[in-house]
Amino acid sequence: MDKGGNENRLVIESGNTLDMSFLKRRALTGAEELYQALTFVLRCKSVASLDGIKRITCQQKEDQKNPQDRSALRITLKLFPFKLRRGFISEALENVLQILQIEYVESLVLTLPMDRDYEATFENIKLFWEEMQLLNKSGKTITLGISDLTHELLQELYDWAEVKPRTLQINLANCCVVPPEIREFAEENHIQILTHTDEQ
């Protein structure tokens, strides 16, 4: 059980999955791609432990070559917390910044937990958003976004937040057309609407 310490934390670093040739053989769903990448990484022998956090690293040789020009990249980090826990977002972002050896990401997007015990209420969303606002103010992300909110929750979040959401991702599996009230609210408040096909 996680009691807030590091005893059950595991960081898996796959390297650039776009360079994994076996993932390019056919079109994969997000779940299939994740499964294949995790299977590959878990065969690696490189396991380290620091401060009680286990880290499995399996970078490919290509990752060490051809460093990208940071100014040519726009990096979006989408987080999938499995439960409501303070500190999760900061830890995840810090791990990504360390692995990619960068100082910030352009966009940080939150997907609400899919735990059956989690209820998407404004109070629960606030707990995550407060942490995201601090990361924005510290310069570790330029904009903030969120996935799959109802119009009511989006408006409540927007009205309360000091750092406003600038992107809203909507799952095409749930709706083929963006609800008009969300589209109008987004246009009025300069929120970019994006679609995604992440599995629920």
Side-chain angles (χ1 to χ4, degrees), residues 2-4 6 8-9 11 29-31 33-34 70 73-100 102-200:
D2 185 358
K3 298 177 181 176
N6 294 329
N8 292 318
R9 307 284 170 80
V11 175
T29 66
E33 183 177 334
L34 177 62
R70 179 66 178 93
L73 299 176
R74 177 177 169 77
I75 300 174
T76 295
L77 173 61
K78 188 170 184 179
L79 298 176
F80 297 83
F82 59 92
K83 64 180 179 179
L84 182 64
R85 178 173 68 78
R86 286 186 183 275
F88 166 83
I89 293 174
S90 299
E91 291 169 17
L93 179 57
E94 287 297 337
N95 272 304
V96 169
L97 296 180
Q98 179 185 347
I99 289 167
L100 297 181
I102 56 177
E103 296 179 355
Y104 66 94
V105 296
E106 277 72 11
S107 180
L108 181 63
V109 178
L110 173 67
T111 296
L112 299 175
M114 289 179 276
D115 188 311
R116 66 184 66 182
D117 296 325
Y118 178 82
E119 185 180 356
T121 65
F122 176 59
E123 289 303 315
N124 284 340
I125 294 168
K126 273 175 65 175
L127 289 175
F128 284 116
W129 203 261
E130 286 169 347
E131 189 174 350
M132 292 170 71
Q133 290 186 137
L134 292 174
L135 293 168
N136 174 266
K137 291 175 183 177
S138 70
K140 293 182 178 177
T141 180
I142 297 174
T143 64
L144 302 179
I146 195 159
S147 280
D148 304 311
L149 280 193
T150 64
H151 172 245
E152 293 76 16
L153 283 174
L154 176 62
Q155 184 166 3
E156 201 168 359
L157 173 63
Y158 188 90
D159 291 342
W160 164 82
E162 186 176 345
V163 180
K164 309 295 185 186
R166 287 298 163 214
T167 57
L168 171 67
Q169 294 190 357
I170 296 179
N171 194 326
L172 283 180
N174 297 331
C175 76
C176 53
V177 178
V178 176
E181 65 274 14
I182 289 182
R183 188 180 65 247
E184 290 170 15
F185 183 81
E187 287 175 359
E188 290 171 4
N189 295 286
H190 311 290
I191 299 172
Q192 182 183 23
I193 295 179
L194 303 170
T195 58
H196 72 86
T197 55
D198 300 329
E199 298 186 20
Q200 298 294 302

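Predicted model, so just to flag it, every value in this text is computed and none were measured.
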### Message
Working to the nearest 0.5 angstrom, can you tell me the gap between Thr150 OG1 and Glu181 CD?
### Response
9.0 Å
#### Entry: Inter-residue atom distance Leu110.CG - Leu79.CG, 0.5 Å rounding
7.0 Å
### Task
Please report the C-alpha distance between Glu94 and Gln98 in whole Å, then the side-chain angles of each, then the deciding distance to 0.1 Å, and finally whether the side chain to side chain contact (heavy atoms under 4.5 Å, CB included) criterion is met.
CA-CA 6 Å; Glu94 287 297 337; Gln98 179 185 347; over 6 Å; no
### Message
Within the 4.5 Å heavy-atom criterion, are Val96 and Ile75 side-chain neighbours or not?
### Response
no
### Message
If you define the side chain from C-beta out and look only at heavy atoms, does anything of Val163 sit under 4.5 Å from Met132?
### Response
no
### Sidechain-backbone polar pair: Glu162 side chain, Gln133 backbone, donor-acceptor under 3.5 Å
no
### Spacing of NZ belonging to Lys126 relative to OG1 belonging to Thr121, to within rounding of 0.5 Å
10.0 Å
### Task
Would you check, one step at a time, whether the test side chain to side chain contact (heavy atoms under 4.5 Å, CB included) holds for Ile170 with Ile182?
CA-CA 10 Å; Ile170 296 179; Ile182 289 182; 4.2 Å; yes
### Query
Quick one: are Ile125 and Ile146 in side-chain contact, heavy atoms under 4.5 Å?
yes
### Query
Do any N or O atoms from the side chain of Glu131 and from the backbone of Gly87 form a donor-acceptor pair under 3.5 angstrom?
yes
### Working for side chain to side chain contact (heavy atoms under 4.5 Å, CB included), residues Lys140 and Leu97
CA-CA 9 Å; Lys140 293 182 178 177; Leu97 296 180; 4.1 Å; yes
### Query
Are Glu156 and Glu152 close enough that some pair of their side-chain heavy atoms sits under 4.5 Å apart?
no
### Query
Can you check whether Thr76's main-chain N or O pairs, donor with acceptor, with Glu106's side chain at less than 3.5 Å?
no
### Task
Please check if the side chain of Trp129 supplies one atom and the backbone of Phe122 the other of a donor-acceptor pair under 3.5 Å.
no
### Task
Mind running side chain to side chain contact (heavy atoms under 4.5 Å, CB included) on Arg166 and His190 for me, showing each step along the way?
CA-CA 7 Å; Arg166 287 298 163 214; His190 311 290; 4.0 Å; yes
## Note on the structure
d(Glu91 CD, Asn95 CG) to nearest 0.5 Å is 8.0 Å
### Query
Can you tell me if Asn136 uses its side chain to pair, donor with acceptor, with the backbone of Ile142 under 3.5 Å?
yes
### Query
Where is the tightest heavy-atom contact between Ser147 and Leu168, given as atom of each residue plus distance?
C-CD1, 4.5 Å
### Query
When you measure from the side chain of Asp148 to the backbone N and O of Asn171, does any donor-acceptor pair fall under 3.5 Å?
yes
### Task
Please check if the side chain of Gln169 supplies one atom and the backbone of Gly145 the other of a donor-acceptor pair under 3.5 Å.
no
### Message
Just verifying a value: how many Å separate Thr111 OG1 and Lys78 NZ, rounded to the nearest 0.5 Å?
### Response
4.0 Å
### Task
Would you mind reporting whether Ile191 and Tyr158 have side-chain heavy atoms less than 4.5 Å apart?
yes
